[in-house]
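Take a look at the structure set out below.
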Amino acid sequence: MIELYGTTAVSLMALSYALEERGLAFRWLFAASCLAAASYAALIGSWPFALIETVWAGVAARRAARRPT
């Protein structure tokens, strides 16, 4: 079941990243899916990946907040 969670999180990351230019909702979805991927990594004990995804979620959220259109 945990693999399904991780697959969903990473799939949403890829999809929302590809669609970021279509609107603000996709930018926020990308940030949220990065956090989901980080939590998955923490659950499986992959701490370097969890840390990187957490940082990337912050970068994505900042980008979304700075470019509201």
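This is a predicted model, so every value here is computed, not measured.
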Just how far is it from atom [atom1] of [X] to atom [atom2] of [Y], taken to the nearest 0.5 Å?
X	Y	atom1	atom2	result
Leu29	Tyr17	CG	OH	14.5 Å
Thr7	Ile2	OG1	CD1	10.5 Å
Tyr40	Glu3	OH	CD	5.5 Å
Arg27	Arg66	CZ	CZ	13.0 Å

Donor-acceptor pairs under 3.5 Å, side chain of residues 45-61 to any protein atom, not counting sequence neighbours: which ones?
unit_1, atom_1, unit_2, atom_2, d
Thr54, OG1, Ala50, O, 2.7

> Any side-chain heavy atom of Arg63 within less than 4.5 Å of one from Phe30?
Replying inline: yes
> Taking all atoms of both residues into account, what is the closest heavy-atom pair of Ala37 and Met13, and its distance?
Replying inline: CB-SD, 3.6 Å
> Will you find, in the side chains of Ser39 and Tyr5, an N or O donor that is under 3.5 Å from an N or O acceptor?
Replying inline: yes
